[in-house]
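Single-structure report; data block below.
What you are looking at is a predicted structure, and each value in this text was computed from that prediction instead of being measured.
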Amino acid sequence: MPLHCAQALPAGPPILTTLRTGTPVWLVRRHADVRQVLTDPRLNRASLFAPGAPAITPYPNLLDDPEGLLNLDGPDHQRLRRTVQRAFTPRAIARWRPWVASVVEDLLNGLTDADRPVDLVAAFSRPLPVAVISRLMGLDNLDLKRLAYWSDHALAASAYTPQQVQEAMQDFGAFGAALVARRRAEPGEDLVSSLVQAADQDGSMTEYQLVMLTIGLVVGGHETTMTSLGNALVYLLTEDREAWTELAAGEERAAAAAEQLLRAIPLSDRTVLPGQLRRAVSDVEIGGVLIPAGSVVAADTFSANHDAGVYPADWRTDLFDQPSAPHLTFGAGPHHCLGAWLARMELELALHRLARRLPGLRLTVDPADIEWRRGLLTRSPLTLPATW
């Protein structure tokens, strides 16, 4: 299965199509139009879950919770977001850089000491972001198999039955509730303790919202980075060995490449993810097309990231230059991904230091035979056997 299985649609005005549920949806593809969808207050998330709203997903997952941070707007959203966003500012993330670099080096030491071939997913691309978010949230003893079970079910698209997803989310929710209770009784220096303290002082967040925010951070704090890093390694080790060599040259070069890889390689083989949907609360014009109030609108960030009117036709030729315009992989506007700066830093440090330490790294499996995670909202390799 090729890496770039998702195809960016040509830029153009919004077109009317349908979701998998059969609900009509306006698909928006141009960079400027997608940015408008993500930032215009006339298009919001909460109305997707209002009484009588059309069905948008055929399958339950963690992103469907009407009370979750992703699905609130305006003051309600800002109130919840303020409790956590200080931990994810660029300045806050910069303070973590030396420690994250040390985690990368520890994982690389484990790689070089292990028997070959080694699975890059199990030994590197999964444990790195898990270690970082675990440290941030004070979860040093978190069972990695249990975390993978929760994450895969939380972001399932067809891999499990709805009942299996519900059972996994009940277990995950119980874990979150117990964690919140422990931090309330014995607060520490971690993010969960600060969330509990802020919620208790403010008094406007329900216990349910606090628990869901906590488990959402556990999943979101590692899933995107794991997916992006795994997909980047597939590309670099199968399609661009020259770039792999150049990544070792310095962190600035790796930072530019990480940004281009985040822009160009999709997180999913689906055109639109649930988090990219909005609903018009009033008539709104997008790209010269009038979208009636009540319509569901889909922001195709992948196509926007490849808009030929904004970016060069072939991103590979500019891999070590910063993108000519900010990409939309992490969204834009009020719902811009909280962990964007953390994901960038992890990807940059991981790629640079892995290429520097193991310039001869190569996969021991044919690209066509790579095993991929299936039936989930995100798409990344299940295993990546490699040697050097």
Side-chain angles (χ1 to χ4, degrees), residues 1-5 97-98 100-129 132 224-267 305-306 311-324 327 329 343-372 379-388:
M1 184 181 296
L3 175 62
H4 309 294
C5 59
R97 190 178 188 90
V100 174
S102 72
V103 173
V104 173
E105 290 297 327
D106 287 344
L107 291 172
L108 291 176
N109 290 338
L111 269 179
T112 55
D113 290 341
D115 294 333
R116 291 177 253 175
V118 63
D119 178 9
L120 294 177
V121 173
F124 193 68
S125 67
R126 182 186 289 272
L128 171 59
V132 172
T224 298
T225 304
M226 181 188 73
T227 298
S228 298
L229 179 54
N231 290 343
L233 289 173
V234 172
Y235 167 71
L236 292 163
L237 297 177
T238 61
E239 298 184 41
D240 201 340
R241 294 297 312 191
E242 184 177 340
W244 180 251
T245 301
E246 196 164 348
L247 278 170
E251 290 183 359
E252 288 188 7
R253 301 286 282 164
E259 201 69 9
Q260 291 284 16
L261 291 165
L262 283 167
R263 173 178 78 86
I265 299 179
L267 293 172
N305 282 342
H306 291 264
Y311 303 106
D314 186 358
W315 58 272
R316 297 166 182 81
T317 62
D318 299 296
L319 185 62
F320 292 95
D321 296 326
Q322 286 288 343
S324 52
H327 65 73
T329 298
R344 286 182 168 102
M345 181 179 69
E346 292 180 58
L347 191 61
E348 167 197 335
L349 290 172
L351 292 176
H352 167 63
R353 292 178 180 242
L354 183 59
R356 185 180 65 181
R357 181 80 76 91
L358 298 174
L361 186 67
R362 67 183 188 279
L363 298 185
T364 59
V365 61
D366 188 274
D369 295 327
I370 292 174
E371 290 186 79
W372 295 87
R379 180 178 185 271
S380 62
L382 181 63
T383 61
L384 275 181
T387 190
W388 52 92

What's the spacing between [X] [atom1] and [Y] [atom2] if we round to 0.5 Å?
| X | Y | atom1 | atom2 | answer |
| --- | --- | --- | --- | --- |
| Arg357 | Asn109 | CZ | CG | 4.5 Å |
| Thr224 | Arg344 | OG1 | CZ | 12.0 Å |
| Leu354 | Leu237 | CG | CG | 7.5 Å |
| Ile265 | Thr329 | CD1 | OG1 | 10.0 Å |
| Arg362 | Thr238 | CZ | OG1 | 14.5 Å |

Only counting residues at least two apart or in another chain, list the ones meeting side-chain contact (heavy atoms from CB on, under 4.5 Å) with [X].
| X | answer |
| --- | --- |
| Pro323 | Glu259, Gln260, Arg263, Tyr311 |
| Asp314 | Arg316, Thr317 |
| Ala256 | Gln322 |
| Thr227 | Glu223, Asn231, Leu267, Arg373, Thr378, Ser380 |

Find out whether [X] and [Y] are in side-chain contact, i.e. whether some heavy atom of one side chain is under 4.5 Å from a heavy atom of the other.
| X | Y | result |
| --- | --- | --- |
| Leu261 | Leu236 | yes |
| Leu382 | Ile370 | no |
| Trp244 | Leu233 | yes |
| Leu349 | Leu128 | no |

Under the rule for side-chain hydrogen bond (donor to acceptor under 3.5 Å, both in side chains), what residues qualify as partners of [X], not counting sequence neighbours?
| X | value |
| --- | --- |
| Asp106 | none |
| Ser125 | none |
| Asp240 | Tyr235 |

Please tabulate, for side-chain N and O atoms in residues 115-124, each donor-acceptor pair with protein atoms closer than 3.5 Å (sequence neighbours left out).
| residue | atom | partner | partner atom | Å |
| --- | --- | --- | --- | --- |
| Arg116 | NH1 | Trp388 | O | 2.7 |
| Asp119 | OD1 | Val121 | N | 3.1 |
| Asp119 | OD1 | Leu384 | N | 2.8 |

Margin query: Using modelled atom types and a 3.5 Å cut-off, is there a donor and acceptor pairing between side-chain atoms of Ser228 and backbone atoms of Leu262?
Written below: no

Requested in this report: Look only at the side chain of His306 and the backbone of Ala264, and say whether a donor-acceptor pair between them is shorter than 3.5 Å.
Outcome: yes

Here the pair of heavy atoms bringing Pro129 nearest to Glu346 is CA-OE1, 3.1 Å

Residues at least two apart in sequence or cross-chain that pass salt bridge (charged side-chain N to carboxylate O under 4.0 Å, His left out) with Arg353, listed by chain then number, are Glu105, Glu251

